[in-house]
Trainee: 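Below are the structure tokens for one structure; questions will follow.
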Amino acid sequence: MTVLIGELSRQTGVNTHQLRYYEAQGLLEPARASSGYREYGDGDVVTVTQIRRLLEAGLSTQEIGFLLPCATGTAPELEPCPELLDTLRARLHGLDDRTDTLTRSRQALVDYIAVTERRVSTYPGGSGVCPTE
């Protein structure tokens, strides 16, 4: 059974703009009716679900394009191969690096807040208003 882009959007919860973007990225390849309308099959619902879940895992559309041929089911399950694992591990390493950076930034902010809160009572009159204001 084929559906048009609006119906695919309703079935997947993904707006039509995003579906067109997935097509532009080479992640979806709808057939074209003689009228020029995009026509999607049942497999495209699964593909869109796979794309959404892989995006939720922090993968880029370029990485997803590389991984999709290895994906089965809506979970999706990925067929093991060294290149696939290298891609996933590289993404995980990047996320770990960003997490470490965010953790350090968060701690620095906590420290600034703590020091500033301790100094509030030292302002003239205990007002907590900066003398430069």
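The residues of the chain are indexed from 1 along the displayed sequence.
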Trainee: Going by heavy atoms in the side chains, are Thr61 and Leu55 under 4.5 Å from each other?
Mentor: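 Yes. Closest side-chain heavy atoms under 4.5 Å.
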
Trainee: Holding to salt bridge (Lys or Arg N to Asp or Glu O under 4.0 Å), I want the full list of residues that pass it with Arg38, two or more places apart in sequence or in another chain.
Mentor: Glu23

Trainee: Per the side-chain contact (heavy atoms from CB on, under 4.5 Å) rule, which among Ile5, Asp44, Leu68 passes with Leu28?
Mentor: Asp44

Trainee: Out of curiosity, Leu4 CG to Thr16 OG1, how far, rounded to the nearest 0.5 Å?
Mentor: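 That separation rounds to 12.0 Å.
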
Trainee: Considering only heavy atoms from C-beta outward, does the side chain of Arg98 approach that of Thr101 to under 4.5 Å?
Mentor: no

Trainee: Any side-chain heavy-atom pair from Tyr22 and Thr47 closer than 4.5 angstrom?
Mentor: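 Heavy-atom side-chain distance check fails, nothing below 4.5 Å.
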
Trainee: Answer whether the closest heavy-atom distance between the side chains of Glu39 and Val3 falls below 4.5 Å.
Mentor: no

Trainee: Quick one, Leu54 and Glu63 - any side-chain contact, counting heavy atoms below 4.5 Å?
Mentor: no

Trainee: If you take all heavy atoms of Leu8 and Val48, which pair is closest and at what distance?
Mentor: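 In terms of heavy atoms, the two residues are closest at CD2-CG2, 4.2 Å.
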
Trainee: Which donor-acceptor pairs under 3.5 Å do side chains of residues 80-87 form with protein atoms, sequence neighbours excluded?
Mentor:
from	atom 1	to	atom 2	distance (Å)
Thr87	OG1	Glu83	O	3.1

Trainee: For Glu7, is the CD atom crowded, meaning more than 12 foreign heavy atoms sit under 6.0 Å from it?
Mentor: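 Atom CD in Glu7 is crowded, with more than 12 foreign heavy atoms closer than 6.0 Å.
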
Trainee: Are the side chains of Val14 and Ile51 in touch, meaning some heavy atoms are under 4.5 Å apart?
Mentor: no

Trainee: Do the side chain of Thr49 and the main chain of Val45 share a donor and acceptor less than 3.5 angstrom apart?
Mentor: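 Here the side-chain-to-backbone pair exists.
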
Trainee: Which heavy atom in Pro76 sits nearest to a heavy atom in Arg53, and how many Å separate them?
Mentor: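 The answer is CD-CB, 4.1 Å.
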
Trainee: In Å, rounded to the nearest 0.5 Å, how long is the span from CG of Leu95 to CZ of Arg91?
Mentor: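 Answer rounded to 0.5 Å: 6.0 Å.
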
Trainee: Could you tell me which residues satisfy side-chain contact (heavy atoms from CB on, under 4.5 Å) with Arg106, sequence neighbours excluded, listed by chain and number?
Mentor: Val110

Trainee: Return yes when atom CZ of Phe66 has more than 12 non-hydrogen atoms of other residues, nucleotides or ligands closer than 6.0 Å, and no otherwise.
Mentor: yes

Trainee: Taking the side chain as every heavy atom from C-beta outward, state whether Leu67 and Leu88 have any atom pair closer than 4.5 Å.
Mentor: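 Yes. Closest side-chain heavy atoms under 4.5 Å.
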
